[in-house]
Amino acid sequence: MLIRDIAQFDGKQITLAGWVYNKRSSGKIRFVIVRDGTGLTQCVFSQKDLSPEVFELADKITQESSLYVTGMVRKDDRAPGGYELIATDLKLIQMADNYPISPKEHGTDFLMTNRHLWLRSRRQHAIITIRSHLIKAMRDFFDNQGFILVDTPILTPAAVEGTTTLFEVEYFGEKTYLTQSGQLYNEPDAAAFNKVYCFGPTFRAEKSKTRRHLTEFWMIEPEVAFADLNDIITLAEDFISYIVERVLTKCPEQFKVLERDISKLEKITKPFPRITYTEAIEKLNANSKPVKWGDDFGGDEETVLSNLNDKPLVITHYPAQCKAFYMKRDSNDDKLALGADILAPEGYGEIVGGGQREDDLATLEKRIAEYKLPKQAFEWYLDVRRYGTFPHSGFGLGVERTLAWICALPHVRETIPYPRMLEKVYP
RNA sequence: UCCAGCGUAGCUCAAUGGUGGAGCAUUCGGCUGUUAACCGAAGGGUUGCAAGUUCGAGUCUUGCCGCUGGAGCCA
């Protein structure tokens with residue numbers, strides 16, 4: 001019997017197993033709020049109806065003690081959630097020690113060192129529940145469209161893109177690195193399966209200390225054979241509008257707990273506005289955020305652009321110098337890359353990065369040399385161009401940034417159960 | 001790595017250079033429908049660490065450590 005199903009048991013006797021969330025008392029009556037991981041319900045202990053032992057236990061029981069409580073379910077408007085349990089018996093599993101998270105305000109550092117306990121609180125519970133539904137929606141979207149899930153490795157040889165700082169792992173005397181993206185592996189996988197996606201954790205050893213950064217975060221990355229830049233942007237629009245709609249349908253209670261203004265999410269319908277990098281620069285200059293053509297956008301610029309619309313904003317045709325070596329160039333202007341980033345609205349910034357891949361062997365070899373990457377490490381990757389090369393495109397979407405936007409959270413750290421941040425790996 | 005702010009009870013925070021307090025949590029007591037219940041009482045402190053200035057430092061100075069925010073960095 002779970003609390004989430006309590007309404008079905010109105011008027012019936014049930015036994016709940018759970019933990020004490022909070023307790024209130026008045027004279028000869030005790031209200032124990034019980035939490036079982038699926039919901040909260042108020043259990044009412046009246047002295048006149050109970051043995052002295054049971055009433056005494058209900059009086060003494062501490063926050064987060066584990067217990068079984070038996071009683072009759074009753075609809076009552078005075079109870080939080082609309083239903084309560086008129087208790088007839090209480091069995092203690094364990095009397096909890098003095099619980100550190102009291103029902104008052106706490107600081108971030110304290111809550112993060114108690115992250116394993118903080119997850120029991122309503123807000124955190126709501127966020128992680130939405131995360132679960134969000135990930136299910138993401139996987140369903142690709143599965144329903146005939147994509148094959150092809151897992152990419154977490155341990156990778158040599159520095160792959162040569163741009164970001166990677167975590168080094170000693171691998172039987174050899175240097176390996178924790179993956180920063182499944183991207184390069186997705187490309188041969190697309191040649192094998194046509195439409196593929198990978199989903200897993202990625203790692204960046206950057207010393208970034210901002211509301212948008214984690215050192216360990218989750219990405220879902222589709223790669224589509226014979227798709228061009230335009231095709232992949234359309235896919236991303238379909239994808240984002242689908243996952244937002246799904247969590248809105250599945251998680252109304254959780255959004256209520258978070259006090260999220262869901263009318264803003266209801267506007268997330270395709271198509272999304274699309275502008276080029278050059279147009280974005282013009283908009284920034286018009287919004288007194290002058291940026292030189294050729295510079296990448298920083299956090300401030302992303303926030304300004306992100307606030308321009310109600311919908312995610314697609315920015316295409318970045319200067320090639322800002323983008324990875326494998327990005328295909330615009331045939332009309334070799335300085336531009338056929339890439340697209342998508343910025344979430346409400347100031348949340350980049351959630352998607354992707355584009356069309358360079359599919360010409362000679363050009364790609366030239367790029368590898370230009371970016372001063374060790375060609376030998378990329379022979380397997382170049383094979384995709386040697387044996388039946390094909391136009392293909394893909395993108396990566398960061399789960400935590402997307403969830404932070406969907407839940408309107410000020411920081412990504414609450415969107416993952418156990419965040420890994422700069423010099424923070426406990427618990 | 002750089003800049004700024006902060007570090008006081010288990011937690012969140014007060015305290016003009018002059019006897020370190022409150023709320024929550026804990027313990028005890030009261031109240032027959034509480035809604036982060038309320039009311040009364042009690043226990044709880046090497047004021048991050050080290051040095052310095054001063055008759056006197058939680059408060060001022062220096063260094064170190066830690067945290068927070070931001071920058072840089074970052075598909």
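By convention in this document, chain letters (A, B, ...) are assigned in the order of the sequence lines, proteins followed by strands, and residues within each chain are numbered from 1. The structure displayed is predicted, hence computed values, not measured ones.
Between A:Lys311 and A:Pro271, the shortest heavy-atom contact is NZ-O, 3.2 Å.
Taking only side-chain atoms of A:Arg204, from C-beta outward, the nucleotide of B:rC74, B:rG33, B:rC31 with the closest atom is B:rC74. Checking B:rA36, B:rC73, B:rC11 against every side-chain atom of A:Pro103, the shortest atom distance belongs to B:rA36. Across B:rC74, B:rC24, B:rU34, the shortest atom-to-atom separation from the side chain of A:Ser102 is found for B:rC24. Closest contact between the side chain of A:Asn98 and the listed nucleotides B:rU32, B:rU26, B:rC74 involves B:rU26. Closest to the A:Phe110 side chain, of the nucleotides B:rU32, B:rC28, B:rU12, is B:rU12. When each of B:rC31, B:rU12, B:rG72 is scored by its nearest atom to the side-chain atoms of A:Thr210, the top-ranked nucleotide is B:rG72.
In this structure, the OH atom of A:Tyr99 is 15 Å from the P atom of B:rA25, given to the nearest Å. Atom-to-atom, CD1 of A:Ile101 to C1' of B:rA36 comes out at 14 Å; the value is rounded to the nearest Å. B:rC73 atom P lies 17 Å from atom CD of A:Gln180, rounded to whole Å. Whole-Å rounding puts the A:Arg35 CZ to B:rA36 P distance at 18 Å. Nucleotide B:rC24 holds its P atom 13 Å from the CG atom of A:Asn22, rounded to whole Å. Rounded to an integer number of Å, the gap from A:Leu422 CG to B:rA71 C1' is 13 Å. For the pair A:Glu301 CD and B:rG72 C1', the computed distance is 13 Å after rounding to whole Å. Rounded to a whole Å, the CG atom of A:Asp295 is 9 Å from the P atom of B:rC73.
B:rG72 makes up no base pair with any nucleotide shown, lacking Watson-Crick or G-U wobble contacts both under 3.5 Å. Using N1 to N3 plus N6-O4 or O6-N4 for Watson-Crick, or N1-O2 and O6-N3 for G-U wobble, each under 3.5 Å, B:rU54 pairs with nothing. Using Watson-Crick or G-U wobble geometry with both donor-acceptor distances under 3.5 Å, B:rA22 finds its partner in B:rU12. Base pairing of B:rG33: no nucleotide in any strand meets the Watson-Crick or G-U wobble criterion (both distances under 3.5 Å). A 3.5 Å limit on both hydrogen-bonding distances identifies no Watson-Crick or G-U partner for B:rG43.
By the 6.0 Å contact criterion, CD on A:Gln321 is enclosed, its count of non-hydrogen atoms from other residues, nucleotides or ligands being greater than 12. Few gaps surround OH on A:Tyr418; more than 12 heavy atoms of other groups in view lie less than 6.0 Å from it. Counted within 6.0 Å of CD on A:Gln376, heavy atoms from surrounding residues, nucleotides or ligands total 12 or fewer; the atom is thus considered open.
On the P atoms, B:rC49 is 15 Å away from B:rG66, given to the nearest whole Å. Comparing the P positions of B:rA71 and B:rC11 gives a spacing of 30 Å, expressed to the nearest Å. Nucleotides B:rG17 and B:rU61 have their P atoms positioned 12 Å apart, rounded to a whole Å. Nucleotides B:rG40 and B:rU46 have their C1' atoms positioned 33 Å apart, rounded to a whole Å. Here the separation of B:rA22 from B:rA14, taken at their P atoms, is 16 Å to the nearest Å. Of the C1' atoms belonging to B:rG45 and B:rC31, the separation is 34 Å, rounded to the nearest Å. Of the P atoms belonging to B:rC6 and B:rU62, the separation is 13 Å, rounded to the nearest Å. Nucleotides B:rG7 and B:rU59 have their P atoms positioned 11 Å apart, rounded to a whole Å.
Between A:Asp360 and A:Arg329 there is no salt bridge, since no side-chain nitrogen of the basic residue lies less than 4.0 Å from a carboxylate oxygen of the acidic one.
Residue A:Pro80 is in base contact, counting any heavy-atom pair closer than 4.0 Å across all strands shown. Across all strands shown, A:Met327 has no heavy atoms under 4.0 Å from either base or sugar-phosphate atoms. Within the 4.0 angstrom heavy-atom criterion, only backbone atoms of the sugar-phosphate kind lie near A:Gly107; the bases stay farther away. Within 4.0 Å (heavy atoms only), A:Arg74 reaches at least one base atom of the nucleic acid. Using a 4.0 Å heavy-atom distance criterion, A:Gln42 is classed as a base contact.
A donor and an acceptor atom sit less than 3.5 Å apart, one in the side chain of A:Ser208 and one in the base of B:rC73. In the interface, the side chain of A:His106 is not paired with the base of B:rC11 through any donor and acceptor atom under 3.5 Å apart. Between the base of B:rG33 and the side chain of A:Glu84 there is a donor-acceptor pair shorter than 3.5 Å.
For the side chain to side chain contact (heavy atoms under 4.5 Å, CB included) test with A:Phe45, the passing option among A:Lys23, A:Arg30, A:Lys28 is A:Arg30; the others fail.
The ring of A:Tyr177 has its center no closer than 6.0 angstrom to the ring center of A:Phe203.
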Restricting both atoms to N or O, compile the protein contacts to nucleotides 64-68 of chain B shorter than 3.5 Å, with distance only.
| unit_1 | atom_1 | unit_2 | atom_2 | d |
| --- | --- | --- | --- | --- |
| B:rU68 | O4 | A:Lys209 | NZ | 3.4 |

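Take the nearest nucleotide of RNA chain B for A:Asp300 and for A:Phe395: the residue whose nucleotide is more 5' is A:Asp300. Residues A:Arg24 and A:Phe31 each lie close to RNA chain B; by heavy-atom proximity, the contact nearer the 5' end of the strand is made by A:Phe31.
Residue pairs meeting the side-chain hydrogen bond (donor to acceptor under 3.5 Å, both in side chains) criterion with at least one partner in residues 342-356 of chain A, sequence neighbours excluded, are A:Arg260-A:Glu346.
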Stepwise, does the salt bridge (charged side-chain N to carboxylate O under 4.0 Å, His left out) test hold for A:Lys375 with A:Glu379? CA-CA 7 Å; A:Lys375 189 182 170 216; A:Glu379 289 301 333; 3.8 Å; yes
Side chain to side chain contact (heavy atoms under 4.5 Å, CB included) for A:His317 and A:Leu229? Distances and angles first, verdict last. CA-CA 10 Å; A:His317 300 85; A:Leu229 176 64; 4.1 Å; yes
